[in-house]
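Below you'll find the structure, written out as structure tokens, and then a few comments.
Chain letters run A, B, ... following the sequence lines, proteins first and then strands; every chain starts at 1. In this text, all values refer to a predicted model and were calculated from it rather than measured experimentally.
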Amino acid sequence: MTPFEPLDRAELAGAATDVARNLLGTVVVRDDGAGLRVGRIVETEAYGGPEDRASHARAGRTSRTSIMFGPAGRAYVYLVYGLHHCLNVVCGADGEAAAVLVRAVQPIAGIERMRRARGAAGSDAKVAAGPARLCEALGIDRSLDGLDLLTDDRLRLAAPGTGPARLEPGEQVVVGPRVGISYAGPEWATRPWRFGIAGHAALSRPFPTAA
DNA sequence: ACGCGGATGGCCT
DNA sequence: GGCCATCCGCGTA
């Protein structure tokens with residue numbers, strides 16, 4: 001396997017929008033004891049604190065969201081629509097709520113396990129293209145909520161090489177509005193807080209083309 | 001190529 | 001009691 005380096009926690013302690021952009025190209029390593037599954041992050045979204053009407057932290061610190069207010073580098077895993085899980089990377093300063101939703105990964109290793117976990121539909125590139133799909137493909141659920149993504153063997157964040165430049169030559173970052181949060185109102189629903197690798201086959205859905 | 005609705009349960013008011 | 005940071009399958013073209 002390629003020499004993945006652990007991410008720097010200080011890097012994750014920055015603003016959610018910076019972290020969301022810089023996580024593109026890093027990898028999620030899942031080890032459930034029965035083999036590794038690795039996915040390269042190709043799509044993210046930034047979420048803020050109580051001021052962000054689209055964030056789970058909009059209601060302040062609650063039992064579900066308290067992890068978002070903690071130190072950077074932990075996993076925030078929640079259940080949405082009663083049946084799907086979503087994975088976030090907690091970021092920002094300790095005491096402030098911020099997180100990055102991981103929306104899509106490109107399968108790198110353990111692809112057959114991912115396909116099996118998902119019921120074997122679609123192409124390899126689309127097996128983890130979507131926040132709930134990637135959790136199903138990697139076997140991520142609430143039992144992993146709160147773990148430290150920089151030290152825990154079950155679920156780890158790493159990167160090929162150090163530093164923020166992790167995209168392949170020719171790859172470009174594309175931005176757009178966050179998905180599925182129109183209830184938050186125009187001011188928040190239109191912010192370009194969704195980040196992706198332009199044109200990548202593993203994106204959950206296309207980015208709207210510039211007006 | 002679209003649009004629509006059902007599944008399903010935790011969380012907040 | 002109402003609302004979701006979703007996905008899939010079915011319907012009409």
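Following rounding to the nearest Å, R58(A) (CZ) and dC11(B) (P) show an atom-to-atom distance of 13 Å. Summarising the geometry, the separation between CZ on R205(A) and C1' on dC2(B) is reported as 14 Å, rounded to the nearest angstrom. As rounded to whole Å, 10 Å separates atom P of dT6(C) from atom CZ of R194(A). Rounded to an integer number of Å, the gap from W188(A) CH2 to dA5(C) P is 16 Å. Regarding R53(A), its CZ atom lies at a distance of 12 Å from the C1' atom of dC12(B), rounded to whole Å. The interatomic distance linking L83(A) (CG) with dC3(C) (C1') rounds to 15 Å, in whole Å. With rounding to whole Å, E43(A) atom CD is found 16 Å from dA5(C) atom P. The distance between atom CG of D141(A) and atom C1' of dT6(C), rounded to the nearest whole Å, is 16 Å.
dG9(B) has no base stacking with the ring of Y81(A) when judged by centroids under 5.5 angstrom apart and an interplanar angle below 30°.
Residue-to-nucleotide proximity on DNA chain C shows that, of E136(A) and R64(A), the 5′-proximal contact is made by R64(A). Ranked by how close their nearest DNA chain C nucleotide is to the 5' end, P131(A) and G82(A) are led by G82(A). Place G60(A) and V80(A) on DNA chain B by their nearest nucleotides, and V80(A) ends up nearer the 5' end. Each of H84(A) and R142(A) was matched to the nucleotide of DNA chain B holding its nearest heavy atom; the match closer to the 5' end belongs to H84(A).
The side chain of R103(A) places an N or O atom within less than 4.0 Å of a non-bridging phosphate oxygen (OP1 or OP2) of dT6(C). Note on R118(A): every side-chain N or O is 4.0 Å or more away from OP1 and OP2 of dC7(C). In this model, the phosphate group of dA5(C) is approached by a side-chain N or O of H56(A) to a distance below 4.0 Å at OP1 or OP2. Look at Y183(A) and you'll find a side-chain N or O under 4.0 angstrom from OP1 or OP2 of dA5(C).
Within the 4.0 angstrom heavy-atom criterion, only backbone atoms of the sugar-phosphate kind lie near I181(A); the bases stay farther away. The residue R178(A) sits apart from the nucleic acid: no heavy atom pair falls under 4.0 Å. Contact annotation for A132(A): backbone-only contact, meaning every heavy-atom pair under 4.0 Å involves sugar-phosphate atoms and none involves a base.
Using a 4.5 Å heavy-atom cutoff, the side chains of L147(A) and R154(A) are in contact.
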Can I get a per-line list of side-chain donor-acceptor pairs under 3.5 Å for residues 34-42 of chain A, giving both atom names and the distance, sequence neighbours left out?
unit_1	atom_1	unit_2	atom_2	d
R37(A)	NH1	A137(A)	O	2.9
R37(A)	NH2	D32(A)	OD2	3.1
R40(A)	NH1	Q106(A)	OE1	3.3
R40(A)	NH1	E171(A)	OE2	3.4
R40(A)	NH2	E171(A)	OE1	2.7

Q: Could you walk me through whether W193(A) and L101(A) pass the side chain to side chain contact (heavy atoms under 4.5 Å, CB included) test, one step at a time?
A: CA-CA 10 Å; W193(A) 284 8; L101(A) 171 67; over 6 Å; no
Q: Evaluate the criterion side chain to side chain contact (heavy atoms under 4.5 Å, CB included) for residue pair Y76(A) and V89(A); output intermediate values, then yes/no.
A: CA-CA 6 Å; Y76(A) 168 43; V89(A) 180; over 6 Å; no
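Across the strands present, dA5(C) finds no partner; the criterion is a Watson-Crick or G-U wobble pair with both atom distances under 3.5 angstrom. With a cut-off of 3.5 Å on both pairing distances, dT8(B) has no Watson-Crick or G-U wobble partner at all.
Residue Y47(A) has its side chain nearest to dA5(C) when only dA5(C), dT8(B), dC12(B) are considered. Here the side chain of L101(A) is nearest to one of dA5(C), dC7(C), dG9(B), namely dA5(C). Relative to the side chain of R133(A), the nucleotides dG9(B), dC8(C), dA5(C) differ in distance, and dC8(C) lies closest. Closest approach to the S55(A) side chain among dT8(B), dA5(C), dC7(C) is made by dA5(C) (side chain taken as heavy atoms from C-beta onward).
A donor atom on one side chain and an acceptor atom on the other are not found under 3.5 Å apart for R61(A) and S66(A).
The aromatic ring centroids of H56(A) and Y47(A) lie 6.0 Å or more from each other.
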